[in-house]
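Down below is the structure, laid out as structure tokens.
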Number of protein chains: 2
Amino acid sequence: LLANKGYEVALWARDASVAGTINSERHNPRYLTEIAINENISATSDLRKAVTDSSLAIMATPSHTIRRISREIEPVLERKAIVVSLVKGIEEKSKKRMSEVLHDELSGKIGNKIGVLSGPNHAEEVSMNIPSATVVSSLSKSVAEELQETFMTPRFRVYANPDIVGVELGGAVKNVIAIAAGISDGLGYGDNTKSSLLTRGLAEMIRLGVALGADVRTFAGLAGIGDLVVTCMSKHSRNRAAGEMFGRGMSLDQVVEEMTMVAEGIRNVKAVKALAEAHGVNMPITESVNEILYDGRNPVEFVSLLMSRDAVEEVSGMKWISK
Amino acid sequence: LLANKGYEVALWARDASVAGTINSERHNPRYLTEIAINENISATSDLRKAVTDSSLAIMATPSHTIRRISREIEPVLERKAIVVSLVKGIEEKSKKRMSEVLHDELSGKIGNKIGVLSGPNHAEEVSMNIPSATVVSSLSKSVAEELQETFMTPRFRVYANPDIVGVELGGAVKNVIAIAAGISDGLGYGDNTKSSLLTRGLAEMIRLGVALGADVRTFAGLAGIGDLVVTCMSKHSRNRAAGEMFGRGMSLDQVVEEMTMVAEGIRNVKAVKALAEAHGVNMPITESVNEILYDGRNPVEFVSLLMSRDAVEEVSGMKWISK
């Protein structure tokens with residue numbers, strides 16, 4: 001997207017042979033293999049080289065690597081650079097959001113020039129220039145505006161939202177709910193079931209978000225319900241696909257073995273659950289997913305959970321017109 | 001569902017031969033043809049006979065027929081009967097919700113024993129006992145509770161919600177947004193596009209609902225986002241399928257010709273648009289769908305609408321932490 005806009009992009013690939021193939025063949029041999037890679041992109045397996053002299057560093061690696069990578073790039077990062085995270089997850093040990101990890105490691109050098117980008121943006125479609133929309137956030141309005149201007153194209157619409165807590169939590173929680181949606185698919189249930197699950201999942205996301213200081217309106221937007229829908233319903237969703245395997249009775253080891261990229265929700269369910277417990281938030285879907293993945297709970301019991309909620313009123317505290 | 005619970009059900013079919021086939025073959029020859037019809041169901045083409053001596057009348061015909069049918073059953077309706085609407089739509093001429101039409105025609109006889117049921121409940125799945133959840137509402141708490149008890153099964157979970165305005169508007173607006181989602185599919189766009197559209201459609205639904213006195217929390221629930229998701233994403237959705245035909249360039253006449261059942265959204269987009277105008281609510285997706293269906297506007301322009309929204313902030317009025 002950025003190379004197509006004319007930016008010079010240095011792409012870091014861990015594997016030198018992948019970087020080499022990208023530079024010579026102009027195709028990535030592993031992911032989105034059909035997409036022609038713009039000549040403005042040059043790949044390298046040298047992380048520090050990729051970051052040196054860059055005005056913007058885009059973090060798009062798994063959530064558990066962000067702290068380590070931040071530490072590695074910190075010495076070569078320009079003081080005037082912005083760092084933006086596309087990563088949807090919570091760091092397991094610290095229970096911190098990705099932008100908090102970036103602040104820990106990089107704000108000494110770049111201050112608050114840290115942002116996030118999140119929304120219903122499957123790479124399979126963005127890379128084909130299919131119309132998409134997204135949200136950027138930052139503690140700093142001017143950083144968010146610069147990111148907005150950088151990423152905006154006629155087919156990639158970028159909105160700014162100051163609620164960085166909500167934007168990041170939406171991205172982390174939706175992966176867990178998508179695993180639940182996939183479990184429902186794997187059990188052979190239908191679209192009715194999955195929509196109900198998604199609705200209750202949204203309620204969990206909102207409860208956790210509000211407890212952590214997010215604005216409820218963010219969850220009605222692209223980084224909340226928008227991303228939740230695409231992740232629960234799309235054929236491109238790795239987290240939903242992983243859930244489907246669990247629903248068919250596969251174990252964690254079997255599912256991880258089966259996938260070329262680990263679904264973030266598998267890693268993140270623990271962190272989301274811990275965050276919920278630390279803040280006294282009730283997240284029954286998240287808890288069930290955690291038990292199915294890590295405690296060997298039978299996914300067949302999952303539907304009883306969905307169907308057994310005791311409350312007879314949909315929203316507590318609403319007033320009736322008459323008895 | 002009710003016959004399986006042991007209720008005696010009289011099913012009205014307009015066509016005497018359909019009623020005859022249901023009674024003799026225990027299958028509906030036109031819809032859900034694979035489903036065995038429970039022996040507790042007896043079909044009739046005599047509407048008044050179906051309603052006579054019934055404790056509950058379930059209205060499940062197209063929205064434009066509800067007033068006429070209400071008038072026809074009123075003389076034979078029991079004074080102690082409850083009438084519940086499963087119909088998702090707004091009456092075009094009066095711009096009234098279905099429960100308001102029922103109140104107009106029936107409250108002289110049955111008072112406020114009028115309710116609605118709405119949620120992500122494709123009949124294709126409910127009839128196969130696939131786990132589903134729904135919402136009942138009424139002006140009267142006791143009526144809602146009786147409906148809840150009547151419809152609840154271990155695989156059909158019924159929540160009560162006092163916000164009848166929100167429950168009914170969710171059902172009416174979602175059909176219009178599903179046509180928009182289908183148009184996006186017909187144009188060849190992706191899941192990213194459709195999720196963004198759905199997110200903006202939810203915002204339209206909420207704006208209209210709040211202007212009409214609904215509770216915003218209803219739209220985060222089963223009759224709001226739950227039903228919106230299933231209607232925009234499911235292969236069972238007639239409104240989405242109709243939209244896809246419009247997106248491929250078919251005219252209104254061609255689409256209506258193609259469908260065995262008219263999609264409610266086709267009829268309802270006019271009423272929803274009129275309701276929005278009457279209350280000064282901005283509903284750009286609804287307006288565009290209306291223009292594509294009734295003014296021959298080219299659907300290709302539709303994506304420019306989605307992508308051209310001027311605002312740079314996702315939610316207006318949120319505060320930034322720093323400049």
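Just so you know, these numbers use all the heavy atoms, side chains as well, and skip hydrogens, waters and symmetry mates.
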Validation row: A/K194, B/V229 side chains within 4.5 angstrom (heavy atoms): no

4.5 Å side-chain heavy-atom contact, B/W320 and A/E145: no

Heavy-atom contacts under 4.5 Å, residues 135-142 of chain A to chain B: A/V135, A/S138, A/L139, A/S140, A/K141, A/S142

Is [X] in contact with chain A via its backbone, its side chain, both, or neither, using a 4.5 Å heavy-atom distance?
{"X": "B/T153", "result": "neither"}
{"X": "B/L202", "result": "side chain"}
{"X": "B/T218", "result": "both"}

Top of [options] for chain B proximity - count of heavy-atom pairs under 4.5 angstrom:
{"options": "A/P120, A/P131, A/A144", "result": "A/P131"}
{"options": "A/V216, A/D215, A/L222", "result": "A/L222"}
{"options": "A/H236, A/H122, A/M318", "result": "A/M318"}

Just verifying a value: how many Å separate [X] [atom1] and [Y] [atom2], rounded to the nearest 0.5 Å?
{"X": "A/D191", "Y": "B/N121", "atom1": "CG", "atom2": "CG", "value": "12.0 Å"}
{"X": "A/N192", "Y": "B/S234", "atom1": "CG", "atom2": "OG", "value": "7.5 Å"}
{"X": "A/R200", "Y": "B/R157", "atom1": "CZ", "atom2": "CZ", "value": "8.5 Å"}

Taking all atoms of both residues into account, what is the closest heavy-atom pair of [X] and [Y], and its distance?
{"X": "B/P162", "Y": "A/K319", "value": "CB-O, 3.3 Å"}
{"X": "B/G190", "Y": "A/I130", "value": "N-CG2, 3.3 Å"}
{"X": "B/E125", "Y": "A/T193", "value": "OE1-N, 4.4 Å"}
{"X": "A/S196", "Y": "B/S132", "value": "OG-C, 4.5 Å"}

Over 12 foreign heavy atoms within 6.0 Å of CD, A/E301: yes

A/E146 atom CD: more than 12 heavy-atom contacts under 6.0 Å: no

Set of residues satisfying side-chain hydrogen bond (donor to acceptor under 3.5 Å, both in side chains) with respect to B/K113, sequence neighbours excluded: none

Verdict with reasoning, A/S195 to B/D227, per side chain to side chain donor-acceptor pair (under 3.5 Å): CA-CA 7 Å; A/S195 291; B/D227 201 9; over 6 Å; no

Contact winner vs chain A - B/N112, B/L197, B/N161, heavy-atom pairs under 4.5 Å: B/N161

Max heavy-atom pair count under 4.5 Å with chain A, selected residue of B/T199, B/D163, B/V126, B/V143: B/T199

Proximal component of A/S316, with respect to chain B [non-hydrogen, under 4.5 Å]: backbone

